[in-house]
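Here you go, one structure.
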Amino acid sequence: MAADEDTTDERIFEPPGPNRSSDALDEDEGEYAELADDLRSDVAGDVRFDEYSQILYATDGSIYQARPAGVVVPRSVEDVRAVVRIANEHGTPILPRGAGSSLAGQAVGPGCVVVDLSTYMDRIVSIDPDGKRATVQPGVVQDDLDARLSEHGLKFAPDPASSNRATIGGGIGNNSTGAHSVRYGITDAYTEELDVVLADGSLIHTREVVVGGDEWDAILARDDLEADIYRTVRRLVEDNADEIEARYPDLKRNVSGYNLDRVVFENERGETVVNLSKLFVGAEGTLGIVVKATLSLVTTPDTTALALYCFDDLGDAMAAVPEALEFDASAVELMDDEVFRLARDSGEFAEYAAPIPPDTAAALMLEFDSERHADLEAAVEATTRHFHDDGDAFEVVEAYTDEDQRDLWKLRKAAIPLLMSLEGDPKPYPFIEDATVPPAELAEYVRRFEEILDEHGTSAAYFAHAGSGTLHIRPILNLKADDGIRTMRAIADDVTDLVADHHGSFSGEHGDGLARTEFNPKMYGPQLWDAFRELKSTFDPDWLLNPGKVVFRDDEPTDMREHLRYGAEYSSIEPNTALDFADEGGYSQSIELCNGCGTCRQTGSDTMCPTYRATKDEVATTRGRANVLRAAISGELPADELYSERFQREILDLCIGCKGCKNDCPTGVDLAKLKAETKHQYHQREGAALREKLFANIDRAAEVGSALAPLSNVATKLPGSRALGERVLGIAADRKLPTFTRETFEDWFDARDSAVDPAAADHGAVLFPDTYTNYMYPDAGKAAVRVLEAANVHVELPDDLRESGRAAYSMGFLDRARDRAEHNVNVLAPYVERGWSVVFVEPSDAVMFQDEYADLLDGEAVSSVGANAYGVSEFIDVHRLDESIDFDAPSASASESESLVYHGHCNQKALNRDHHAVGLLRRAGYTVDPLDSGCCGMAGSFGYEAEHYDLSKSIGRILFDQVEASDAESVVAPGASCRSQLADRTGGTRPPHPVEKVADALERER
């Protein structure tokens, strides 16, 4: 029985980006203004033809860049049909697009109308658990679909590494696959029926049609495009049967060319059927636009196990691949030493690479599942005996728990973006990286591939799906230089010859796109190439659907060297910066670290990118901001665009400074840092608004508010006061303002005697009096003192400390932030020299010392103070100080202990320092459910800004839903902003700081 249809129309917050008004013509639409106007008249979705939108959609995850005419974000099938009809009238190419994570350039095209199907057309229409089928719109993200399917013990079998942001429609266009193709095959095997908008705007439904049956006769009796397609497809398959048999490789993976080998077949009743669905799969949007898909599903194994075998020689690992397939593994993956090295140097992935021995040249990872093996440990034992005890593997890493396996898979899936994080202009670029050969020939193929690399004076990194014969081999080249581009073309030519010699596929996973289309005649020969072109002409008579991909016209040949993102003509400015960008290779290199992989579009875990999660808008992604920044520094935008009010409002102001990208982005793009620097330069040149100055100096305002309390608190509640604040300062009238305490935390501390004699203390700590704790919520500071003293820590608050500079830094006032940093380091350095630590109640202030101070200042003292700076939970956990505290023993039954849901702070997550509070709370006797949550949406001043209030609340609702889904009794959060946002969820009750709950445990004990 089918599950209920999902018809929910969730409102997506629309940010103040370009072209949101359906009746407005943007002034920079230029030659496309008439086209844009016509589209707006018939399309209910968003129509964006401004320059920023063109830049946002000019790239994907590949090496290519080509400006489209504009972008349409359709809300319905009728919108898609209208786009096709109107684009045809204007003779403008059309390019359907999902997440834009494609690696061969199939999601970019010059002068196209990009149809972004990922935003609104993302419904799971129905799920039929008994029939093992699901019907979805093309914008559904695969991980979201699998999460729904997991309720029924099912999944969609293809599992690309980008599944946390890649859409089903994109996967169909690319014929995607993943690590388990040795077990399940690829997308075409699971695509059963499609709704497709054809080049003339007509809508067809593809499914199995029996040749000669009633449906067949009815279709062919019509005089329309669909009938022409069926006639042509059957004829081309029949006329080229021998050539199809000879030319198509006998592999589990082949996503080059059109699927003429799969579109006509015999069904289980022996009837000849045509299923055009198989032909649209892998066509890269060149034959039609998929607007709905019915997919077949597979059951999810109950349990799995991983065994990773470490070799000291790449050749030995390659030679072991055919043997691995004999053990009935569901996945056989390979990673080389370059992947491991980059992972160890990466903030996000270092922990996942920790189990890998440092002298590993290559590792072969095998997965076994319970549907194939009744005893997983026995299966691992058998392969270990073969590869380790009797073979060349010198070490084995086994993983049986979900957590351990997840870590190894994260390491494997991060390989592509990690490789693009190499410093400098030479990078391991994708252009021939997914060629596929029979697994038994891998070792010889790799040997010859390395000879080709030697001949061209470069090297490469190796990883991927060895069990299917697919290796992602990425030659390291500088594509900003003519010789690098020439070398790329020469290597591609040589490698395609090599692949043809092995009767392999030029692409086993990532598609043709702009990178490999020009080589398809070599792979398929002149007869099939002519068949491909006739097929294209039948489906798309004017060749307007994603032209230049899969096939090309003789008068418009596809050349892999054209439309490069960089190229020999590329150059960028390198301004004098207030922050130190040496670790990133400079300001421009920091921006260019973004390779377009689109990890910032994932919404199911980690922190980045909170504004995208609320808007599902490309402009709100880290990738989007980096693309427009790169356009501004490279001359693609006018020289002064970086300092325009529009750039500040539409690009930079939507970054909330959560720092999630610093950790979650595999290449380490730190947009918060880039924003701070760019804002600083803008202020230097254009000045700053009154509200910006107020928020940058919030400590002074708080000091005054505290001194005038309680009158200052009453003032904000007077009728009209908030409306006045919004009108004059732009502070949201609907946002509840913080209240001030007359007695500051410093006042309270100075009036008491220390409970710990410094001579008898185990540790000394300076407790930093941040602005929020000092003037607005001193209870968290008081709790921190009680807990620290209970652990025999002598606590001091030097009276000459200044606020951390966090607010000034976030607002782009870097001179003020540097002044504060320099002062505080000078005050604290003598304490640190005596062996003391600096402890913080507020996480963002702790991270300011731990991270940003090093970008503002040089010197050993900065490093030393930063290395000894801790959040309060981190300090207690790292030094295990709670072991000296006699908490009440937890209840005999864990269900009887108080349960807490923990929302961590995004800044601490960026430095992998957020987990400490969970361990501390558990040892204090609580049951803790740590959320895999993003930013709360408050983000310091962001949630108070009138123009960002609605977006802040939309981000907050995502967190609220996660909190409410937990079974815990109450929520705790260390961040002051987070607690303010969470207070709105309960009508004003502010959640406690974790240290307050730890202090409560002390009270119970006493």
Side-chain angles (χ1 to χ4, degrees), residues 102-104 106 157-160 170-191 233 236-237 240-265 275 277-287 321 325 332 430-442 445 449 464-473 492 495-513 515-525 527-529 531-532 535-536 549-551:
S102 44
L103 290 166
Q106 52 268 68
D159 57 341
I172 289 171
N174 186 68
N175 201 1
S176 292
T177 180
H180 293 86
S181 61
V182 296
R183 170 86 151 90
Y184 298 111
I186 60 179
T187 295
D188 60 55
Y190 301 92
T191 305
V233 168
L236 287 176
V237 172
N240 294 281
D242 291 342
E243 196 70 0
I244 290 171
E245 177 68 24
R247 286 283 186 173
Y248 278 80
D250 183 18
L251 297 168
K252 289 183 178 291
R253 296 162 167 260
N254 172 37
V255 301
S256 282
Y258 291 124
N259 289 337
L260 288 179
D261 60 331
R262 303 173 200 185
V263 65
V264 180
F265 52 92
N275 190 342
S277 306
K278 310 299 183 180
L279 198 56
F280 284 108
V281 177
E284 300 183 4
T286 63
L287 303 180
V321 171
L325 295 173
V332 180
F431 58 92
I432 193 64
E433 86 291 353
D434 66 329
T436 302
V437 299
E441 301 178 37
L442 264 180
Y445 169 72
F449 201 119
H465 318 297
S468 299
T470 302
L471 277 188
H472 296 326
I473 307 177
V495 170
T496 50
D497 286 339
L498 174 62
V499 173
D501 289 345
H502 286 275
H503 199 51
S505 169
F506 295 168
S507 176
E509 184 171 18
H510 296 155
D512 292 327
R516 284 177 283 274
T517 292
E518 71 165 289
F519 299 105
N520 275 339
K522 182 190 294 187
M523 177 172 169
Y524 287 103
Q527 183 176 328
L528 285 180
W529 181 247
F532 285 173
L535 186 79
K536 168 69 171 174
K549 321 294 168 46
V550 186
V551 291

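When a residue number appears, it is its place in the shown sequence, counting from 1.
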| query | Looking only at heavy atoms, what is the nearest atom pair of P249 and H503, with distance? | reply |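 Closest heavy-atom pair between P249 and H503: CB-O, 3.4 Å.
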| field | side-chain contact (heavy atoms from CB on, under 4.5 Å) partner of P439, the single match among L325, V182, T470, V332 | value |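 Checked L325, V182, T470, V332 against P439; only one passes side-chain contact (heavy atoms from CB on, under 4.5 Å): L325.
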| CA sep, side-chain torsions, deciding dist, call: N240, L260, side-chain contact (heavy atoms from CB on, under 4.5 Å) | CA-CA 9 Å; N240 294 281; L260 288 179; 5.7 Å; no
| request: Hey, can you tell me if Y258 and F532 have their rings parallel, tilted or perpendicular (30° and 60° cut-offs)? | output: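 Correct class here is perpendicular.
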| Which value, rounded to the nearest 0.5 Å, describes the distance between E243 atom CD and Q527 atom CD? |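 It comes to 4.5 Å.
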| Is it true that H510 and H472 have ring centroids separated by less than 6.0 Å? |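 Centroid separation for H510 and H472: below 6.0 Å.
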| Short question: side chain of N275, backbone of V263 - any donor-acceptor pair under 3.5 Å? |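 Checking the backbone N and O of V263 against the side chain of N275, no donor-acceptor pair under 3.5 Å is found.
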| If every non-hydrogen atom of L251 is compared with every non-hydrogen atom of P438, which pair is closest and at what distance? |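 So the minimum-distance heavy-atom pair works out to CD2-N, 3.6 Å.
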| Where is the tightest heavy-atom contact between L528 and R247, given as atom of each residue plus distance? |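 Nearest heavy atoms, L528 then R247: CD1-CB, 3.6 Å.
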| field | Y524: which of F506, W529, Y248 passes ring pair (Phe, Tyr, Trp, His ring centres under 6.0 Å) | value |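 Considering F506, W529, Y248, a ring pair (Phe, Tyr, Trp, His ring centres under 6.0 Å) with Y524 is found only for Y248.
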| query | Should R516 and D434 count as an ion pair when the cut-off is N to O under 4.0 Å? | reply |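 A salt bridge links R516 with D434.
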| message | Checking S505 against N254: is there a side-chain donor and acceptor pair closer than 3.5 Å? | response |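 Yes.
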| message | Treating T191 as the side-chain partner and S277 as the backbone partner, does any N or O pair qualify as donor plus acceptor under 3.5 Å? | response |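 Checking the backbone N and O of S277 against the side chain of T191, no donor-acceptor pair under 3.5 Å is found.
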| field | side-chain contact (heavy atoms from CB on, under 4.5 Å) between E245 and D261, intermediate numbers included | value | CA-CA 8 Å; E245 177 68 24; D261 60 331; over 6 Å; no
| task | Scan side-chain atoms only and decide if S181 and R253 contain a donor-acceptor pair under the 3.5 Å cut-off. | result |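 Yes, because at least one side-chain N or O of S181 sits under 3.5 Å from a partner of the opposite role on R253.
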| task | Using the test side-chain hydrogen bond (donor to acceptor under 3.5 Å, both in side chains), find all partners of Q106 that sit at least two apart in sequence or belong to another chain. | result |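 side-chain hydrogen bond (donor to acceptor under 3.5 Å, both in side chains) list for Q106, sorted by chain: N174.
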| query | Can you name the nearest heavy-atom pair linking L279 to A283, along with the distance? | reply |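 Smallest heavy-atom distance, with atoms named: O-CB, 3.6 Å.
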| task | Check the pair E433 / I473 against side-chain contact (heavy atoms from CB on, under 4.5 Å), numbers first and verdict last. | result | CA-CA 5 Å; E433 86 291 353; I473 307 177; 5.6 Å; no
| query | Which heavy atom in V437 sits nearest to a heavy atom in L442, and how many Å separate them? | reply |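 Shortest heavy-atom contact: CG2-CD2, 4.0 Å.
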| message | With a 4.5 Å cut-off on side-chain heavy atoms, are S176 and I186 touching? | response |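 No; the side chains remain at least 4.5 Å from each other.
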| Do N259 side-chain atoms and V281 backbone N/O form a donor-acceptor pair below 3.5 Å? |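 Pair found, side chain donor or acceptor close to backbone of V281.
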| request: Determine which pairs satisfy salt bridge (Lys or Arg N to Asp or Glu O under 4.0 Å) with at least one residue from residues 173-184, sequence neighbours left out, and list them in order. | output: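 Sorted result for residues 173-184: R183-D369, R183-E371.
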| said: My understanding is that only residues two or more places apart in sequence, or in another chain, count here; which of them pass side chain to side chain contact (heavy atoms under 4.5 Å, CB included) with E518? | reply: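 Applying side chain to side chain contact (heavy atoms under 4.5 Å, CB included) to E518 gives R489, F552, D559, M560.
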| Does I432 reach the side chain of F449, with side-chain heavy atoms less than 4.5 Å apart? |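 The answer is yes, as the side chains (C-beta and beyond) meet within the 4.5 Å cut-off.
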| said: Would you say K522 and T496 are linked by a side-chain donor-acceptor pair, where the criterion is simply a distance under 3.5 Å? | reply: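 Yes.
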| Closest contact, heavy atoms only, A466 versus V321 |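 Smallest interatomic distance, heavy atoms only, reads O-CG1, 3.3 Å.
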| said: Looking at Y184, is its backbone amide N or carbonyl O close enough to the side chain of Y190 to form a donor-acceptor pair, meaning the two atoms are under 3.5 Å apart? | reply: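 Indeed, once roles are kept as given, a pair shorter than 3.5 Å links the two residues.
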| Do D512 side-chain atoms and N520 backbone N/O form a donor-acceptor pair below 3.5 Å? |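 The answer is no, because no donor-acceptor pair under 3.5 Å joins these two groups.
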| query | Within the distance-only criterion (no hydrogens, no angle test), does the side chain of T187 pair as donor or acceptor with the backbone N or O of I172 below 3.5 angstrom? | reply |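 Between the backbone of I172 and the side chain of T187 there is no qualifying donor-acceptor contact (under 3.5 Å).
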| field | Heavy-atom check, side chain of R262 versus side chain of N175, under 4.5 Å | value |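 In contact.
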| query | Are the side chain of E509 and the backbone of V255 linked by a donor-acceptor contact shorter than 3.5 Å? | reply |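 Checking the backbone N and O of V255 against the side chain of E509, no donor-acceptor pair under 3.5 Å is found.
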